[in-house]
Structure formats: C-alpha cells, structure tokens
Amino acid sequence: MSEGRDGGRRRGTAAGAEHAKGAGSAGRVRAAGGDGSGVRRLQGLVLLGALLVLLVLAGAGPASAHAALRSTDPADGSVLKSSPGSITLTFTESVSLLDDSFRVLDPDNQRVDTGEARHADGRSETAQVPLSEKLGTGTFTVAWRVVSADSHPVSGAFTFSVGQPSPTTAVLSSGRTEDPATSGLFKIGRYLAYGGATLVIGIGVFVAVCRPPDVRPLRRPLLAGFWVLVATSVFLLLLRAPYEEGTGPAGAFDLAGLQRTLIGRPGLALLARLALLAATAALLLRQRRLRRQGDREQPTRAYLAAGAVLAVGLALTWAAAEHASAGIQVPAAMASSALHLLAMAAWLGGLVSLLTLLHRTDLPAVVAARFSRVATASVTVLAATGVYQSWRGLGTLDTLTTTTYGRVLLAKLAAVALLLLAGAWSRHWTKRWTAAAPETTAEATTEAALKTEPSPVAVGANMTAKPTAATDSTPPQPAVDPVRAAPQEDAHRRALRRSVLVEVAVSVVVLLLTTILTATLPGRAAAEAAASERSAGLPVASVTDVPFAVGNARGRVQVTLDPGRVGSNSVQAVAYAVDGGLVPLPELRMSFTLPSQDIGPLDAKLTDRGGYWSTPSVNLPLPGTWEMKLTVRVSEIDQVSVTRPVRIER
C-alpha cells in the first residue's frame with residue numbers, strides 16, 4: 001500500500017514538471033489561478049456578469065417564449081346576442097393541438113358537440129374549434145389545452161354567455177389541470193435526465209482534459225449516468241402523451257398517444273437522444289475492445305472528436321425541445337442553451353469525478369490543477385450564456401420579482417453563488433495541496449514527465465495505462481523528501497475532498513432548480529400576455545368560493561365578479577349544497593370594504609333572479625385587496641356572515 005502511495009506521489013511530481021518547465025526553473029506545481037490572480041479574475045468576471053444582467057434587462061424590449069393566452073373570441077365574460085359559430089384562441093407563440101384541445105360545457109355541465117380543433121386561417125399561434133350546433137341561452141364554459149412550441153402543455157378555462165348570464169355548475173370544475181401523478185413523474189424523469197447527462201458528459205470531459213492516471217473508479221458513475229439517461233429518455237417518451245393531455249400515468253400505454261408523440265418535436269428530440277446514446281455506447285465499447293487486444297492505449301484525435309460531437313448532439317436534444325426552441329432569436333438561443341448545458345455538465349460532472357478519485361485513488365495534484373482550469377472556463381461560459389438566457393426569459397427587471405420564473409431564477413442564482421464560494425474554497429485547497437508536493441528540478445522532471453505521464457484513456461476501460469520502461473530508467477529526483485511532505489500533503493488533500501463534497505451537494509440543488517426553471521412560464525411571456533389582455537380590454541372574471549355553515553345547512557356561495565378590476569363590476573352569486581345542487585336562499589347580502597384606504601362598506605344590492613343573486617354594477621374605485629362580506633340567511637332565524645379577501649386590479 002505504501003508503494004502505491006509513493007508511486008502516486010511520484011507520478012504527480014513528474015506530471016507537474018510541465019508547469020515547472022514553463023516557469024523556466026525549479027518550482028512548485030501551481031493550480032490555475034493558484035497565485036490568487038485567477039480567483040480575482042473570476043470575481044471580476046462574476047461582477048461583470050451581474051452588471052451585464054442589469055444593463056441588458058433594463059433595456060430589454062417585448063418578445064415571447066413559452067405560449068401564453070393573448071385573447072379569446074368570444075371574450076372571457078362577454079354576453080353575446082346569438083350563438084357563435086366557432087371559438088378561437090390566440091397565443092403569444094405557435095401551439096400544437098391535441099385530440100381533445102377544447103371542451104365546451106353548457107350551464108348544466110353537459111358537453112356541447114364541437115368539430116375538430118384546427119388553426120384559424122392557418123396561423124400556428126391560434127386554436128379554433130367550430131360549434132356543431134347553435135347554443136342555447138345561458139353561461140357556457142370553455143376548457144382548453146394546447147402544447148406550446150417549447151413542448152410545455154398550457155391550459156385554462158373561460159366563460160361567455162348567450163342571451164343573458166345564468167348559474168352554471170361548470171365554472172370551477174371544468175379547468176383542465178395537470179394530473180398530479182403524471183406531472184410529478186414527468187418532472188422527476190426530467191431531473192434524472194439532467195443528472196445522467198451531467199455524469200456522461202462531465203466525466204468524459206474530465207478524463208479527456210484532466211487526464212487522471214487511473215480512471216477505473218469512474219466507470220461506475222459513468223455507467224450509472226449512461227443507463228439513467230437511457231431509462232429516462234424511454235420513460236419521458238412514453239409519458240409524453242399523458243403529460244400533454246393532463247391524464248393519468250396509465251395513458252403511457254395508449255398506442256395512439258405514443259404515435260402522436262413520435263411525430264412531434266419533443267418525441268423526435270428524445271428519439272435523437274436515444275440514437276446518440278447508442279452511438280456513445282458503440283464508441284466506448286470499441287475503445288474497450290482495442291485495449292483488451294493490447295492495441296494503442298491513447299485515444300486518437302478522431303475518437304476524441306467523435307466524443308465531442310456526441311456531447312454537443314446530446315446537449316442540442318434539450319435545446320431543441322425547451323424554451324430555446326421558441327420565441328425570439330431561436331438559433332442563438334439554441335446555441336446558448338447547448339453551451340450552457342455542456343458547461344454545467346463539465347463543471348458538475350467534473351466535481352463528481354474529482355470527488356470519486358480523491359476518495360478511491362492517490363490522485364496527483366496536477367489533475368486537480370487541470371480541473372481548476374476546466375471549472376474556471378465552465379464558469380465563464382455559464383456566466384455569458386446565463387446573462388443571455390436571463391434577458392431572453394425575463395425581459396424586464398420587474399418580472400424578476402413578480403413572476404414565478406423570476407423568483408426561481410433568483411433562487412438558482414443564489415445556489416450558483418454558493419457553488420462559486422465552495423469552488424473558490426476548493427481552489428484554495430488545490431493551491432495548498434499542489435504547493436505541498438515535493439519540489440523537483442525542471443530539467444530532470446520535464447524529461448521524466450514526458451516519459452511517465454499516462455495518456456488519456458477511455459472511461460470504459462478496465463485497465464490503467466502501464467508505465468513505460470523509461471519510468472524505471474529515469475525516475476524523478478525529488479528536491480524534498482516525499483516522506484516529510486506527505487503528512488501536510490495528505491491534510492490538504494482531505495480538506496479539498498471535503499470542499500468538493502460540499503460543491504457536489506450544492507450542485508444537486510442547482511440541477512433541481514434548473515429542471516424547475518425549464519418547466520416554468522418565462523416572465524417575458526407572462527408579462528406580454530398580461531399586457532395584451534390590458535390593451536385588448538380582455539376581461540378576467542374573479543371567481544371566489546365562500547363556504548357557509550349555519551344550523552343544519554352546509555354549502556358554498558360561488559361569487560363571480562366581472563371583470564374583477566377597478567370601476568364597475570357585475571356580480572353573480574350562486575349557492576350550492578354539499579352535493580352540488582342549487583340552494584334557494586331567502587336572503588343574500590353582500591358588501592365590499594377596502595381597509596387600507598378606509599373605504600366602505602359598499603352595499604352590492606343583490607337581487608334574487610330566481611335561482612341566483614346578481615347586480616349589474618357595483619363600483620370599486622381603487623385597486624387593492626378588498627374585503628367581501630356575505631351574509632347568508634337560510635331560514636327565518638338562521639343566518640351567518642362570512643368575509644373573504646378579493647383582489648381588484650387596476
């Protein structure tokens with residue numbers, strides 16, 4: 001065991017001679033930026049990146065990525081004199097339609113017959129469904145679901161009335177929501193796919209660039225990442241159809257849904273990923289076979305080039321089916337997304353490789369120094385591509401705090417900042433460990449390094465590179481007794497191992513937030529959709545459920561405030577029993593109060609319309625959170641008052 005440790009130290013000393021020769025004299029091996037200048041440059045780069053984010057976001061103009069509803073025809077909450085011939089939705093970007101993209105429900109929650117969904121006038125950003133028959137009078141509910149160009153399903157519901165509004169049991173029950181099981185499984189699959197890609201690409205880059213002398217410990221994490229990526233690709237391919245349709249996981253076995261998935265862009269991207277993984281497996285098996293036959297140990301340039309092409313191809317399978325594939329500047333966005341993923345994989349996958357080798361081998365200090373340079377380059381690429389993607393996804397600074405996308409992005413930036421701090425601490429210990437390695441004479445060690453340093457090997461190999469005969473004939477001559485330097489060197493090595501472990505733990509959080517971010521509506525699209533609604537005057541009704549319990553009566557009052565904004569609003573209130581049936585109320589009173597401005601109570605003056613209560617107009621003059629008080633009387637002596645907050649927009 002002692003011979004193995006001494007041999008590892010000799011290899012690290014000899015390999016470090018290339019750095020000593022560059023200095024022109026004997027010296028210690030230095031990690032990239034080990035003198036402190038590299039850390040200062042990295043800090044300056046981070047500050048510059050933050051400044052660029054602020055400057056770019058401050059001057060960003062409107063655009064879109066990830067479909068959001070722009071308008072509806074008929075408009076939400078509108079009252080038509082006669083039945084419309086079709087229903088049309090317009091989105092902020094191209095959408096694809098499902099077999100069941102539209103559900104039109106009458107006031108009794110019965111489905112209305114419709115034709116086949118299509119794009120209006122051939123415009124890909126629209127969705128239209130013809131009505132097979134004329135609608136009766138009352139309030140109708142339209143539940144819709146489409147898939148945006150970046151592969152994410154988008155759904156919603158709105159109402160319109162023919163003749164006059166009426167009570168409806170379909171307002172709240174018709175929303176096309178996600179199936180929790182399917183959505184959860186799909187998100188887990190996406191997260192594991194990112195993890196598998198990080199291991200496959202990151203370990204490959206680590207071996208090719210950092211050239212560790214013993215790569216056998218890396219075979220297990222590499223194979224784990226490979227098979228996880230294969231399994232998740234198949235899993236996501238099967239689960240794609242129920243994910244788009246919002247149905248249960250059992251829909252994965254629906255052949256019609258699978259057939260539709262295979263001809264769509266997300267399905268084609270997953271198929272391409274599986275094909276690239278098959279080519280990756282063939283490449284690794286070929287190198288392993290050559291090594292078993294005793295052929296050339298060092299991978300050729302063609303082999304390394306093929307590996308690089310496969311890595312880029314894998315990254316593009318994500319870019320082709322995510323936010324980068326839709327919206328503005330698609331070619332630049334896809335290139336940026338692919339580079340971002342490659343840099344992230346090189347950094348985080350390299351951390352896993354470094355931690356594995358620190359635990360299981362006598363890793364030479366020079367390997368950690370090489371990875372320090374890889375990590376610095378990765379951070380540079382991540383900063384540049386991150387600035388661009390943040391601008392493209394956010395648009396303005398306001399969306400950084402007012403949208404879910406912006407808040408998740410802030411959380412990811414905080415995690416990355418923590419990862420950078422841990423990385424700086426790792427570079428500190430890399431410098432101390434490298435400096436503690438025995439000094440060598442530049443002239444002697446340079447020649448020894450050229451003869452003894454192992455060449456890069458394929459990760460799939462079973463054996464490490466064997467030293468040449470020159471190793472024994474020209475051993476490096478340490479200027480310092482390695483036995484004396486060993487305790488200090490081992491202490492620095494252990495400290496580096498702990499700091500890298502922290503980096504790996506934080507990187508798991510970064511990957512999780514990245515997965516969430518790619519499935520979240522970008523702030524730019526959300527802001528554009530809201531602006532489109534305001535400019536088009538699209539009403540957005542506010543629906544509030546107010547439960548009540550008095551005497552033996554239990555139920556809820558469904559209050560629709562239309563459009564739910566400053567000014568005149570119409571009010572409809574329908575009382576439902578626990579079983580969903582209508583409850584006739586002898587009296588229902590409603591008032592509004594704005595405590596922050598000391599306004600109210602304003603009496604809504606509801607009128608019994610024979611089954612529901614309403615008023616054509618109640619004036620709410622200021623935006624804010626109003627208190628809506630309902631007094632529900634169910635008999636001559638039983639009544640209860642309930643207060644609920646209602647948000648009124650400008």
Side-chain angles (χ1 to χ4, degrees), residues 65-67 91 93-102 116-119 122 124-125 127 129 144-155 176 178-179 181-197 200 226-282 309-327 330 334 337-338 341 515 518-519:
H66 197 114
F91 296 89
E93 69 172 40
S94 300
V95 295
S96 58
L97 305 177
L98 303 170
D99 293 337
D100 196 25
S101 276
F102 284 92
E116 184 177 354
R118 63 197 179 196
H119 294 295
S124 60
E125 74 277 9
V129 61
W144 55 268
R145 187 178 184 88
V146 296
V147 181
S148 61
D150 59 5
S151 81
H152 297 289
V154 184
S155 63
R176 304 284 298 281
E178 303 285 346
D179 181 90
T182 301
S183 180
L185 290 172
F186 197 84
K187 291 175 181 178
I188 291 173
R190 285 166 49 83
Y191 177 72
L192 293 177
Y194 273 116
V200 171
F226 177 84
W227 287 114
V228 164
L229 193 50
V230 170
T232 54
S233 298
V234 175
F235 179 75
L236 293 174
L237 194 64
L238 294 174
L239 206 62
R240 182 75 209 178
Y243 172 67
E244 290 181 349
E245 296 170 355
T247 58
F253 304 102
D254 181 14
L255 295 180
L258 179 59
Q259 183 179 6
R260 188 180 67 251
T261 297
L262 294 177
I263 61 176
R265 190 196 315 184
L268 292 175
L270 289 170
L271 288 176
R273 188 180 302 170
L274 288 171
L276 290 168
L277 288 172
T280 301
V309 170
L310 290 174
V312 172
L314 285 173
L316 286 173
T317 62
W318 271 272
E322 298 292 350
H323 292 319
S325 63
V330 170
M334 290 184 61
S337 178
L341 178 60
T515 306
T518 56

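Worth knowing before you read on, the calculation uses all heavy atoms, side chains too, and leaves out hydrogens, waters and symmetry mates.
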So which atom in [X] and which in [Y] form the shortest heavy-atom distance, rounded to 0.1 Å?
X    : Y    : answer
L341 : A315 : CD2-CA, 3.6 Å
F102 : A117 : CD1-CB, 4.0 Å
S148 : V95  : CA-CG1, 4.3 Å
A193 : L236 : CB-CD1, 4.5 Å
A279 : L310 : CB-CD2, 3.8 Å
R145 : P153 : NH2-CB, 3.6 Å

Which value, rounded to the nearest 0.5 Å, describes the distance between [X] atom [atom1] and [Y] atom [atom2]?
X    : Y    : atom1 : atom2 : answer
W227 : L277 : CH2   : CG    : 9.5 Å
L97  : S124 : CG    : OG    : 10.0 Å
E125 : H119 : CD    : NE2   : 9.0 Å
F186 : T232 : CZ    : OG1   : 10.5 Å
R118 : S101 : CZ    : OG    : 13.5 Å
L270 : L274 : CG    : CG    : 7.0 Å

Would you call [X] and [Y] a side-chain contact if the rule is heavy atoms closer than 4.5 Å?
X    : Y    : value
T182 : T247 : no
L262 : L237 : yes
V154 : V147 : no
R260 : L98  : yes

Exercise. Would L239 and L185 count as a side chain to side chain contact (heavy atoms under 4.5 Å, CB included) if you check the C-alpha gap in whole Å, the side-chain angles of each, and the deciding distance to 0.1 Å?
Worked result: CA-CA 8 Å; L239 206 62; L185 290 172; 3.7 Å; yes

Exercise. Does the side chain to side chain contact (heavy atoms under 4.5 Å, CB included) test come out yes or no for R273 and L229, once each step is laid out?
Worked result: CA-CA 9 Å; R273 188 180 302 170; L229 193 50; 4.2 Å; yes

For this session: Kindly determine whether L192 and F235 satisfy side chain to side chain contact (heavy atoms under 4.5 Å, CB included), including the steps that lead there.
Result: CA-CA 11 Å; L192 293 177; F235 179 75; over 6 Å; no

For this session: Say whether, by atom type as modelled, one donor and one acceptor occur between the side chain of T261 and the main chain of G257 under 3.5 angstrom.
Result: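 Judged by distance alone, yes, a pair lies under 3.5 Å.
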
Exercise. For W318, is the NZ or CZ atom of R190 found under 6.0 angstrom from the centre of its six-membered ring and inside 45 degrees of the ring axis?
Worked result: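 Ring-cation test returns no.
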
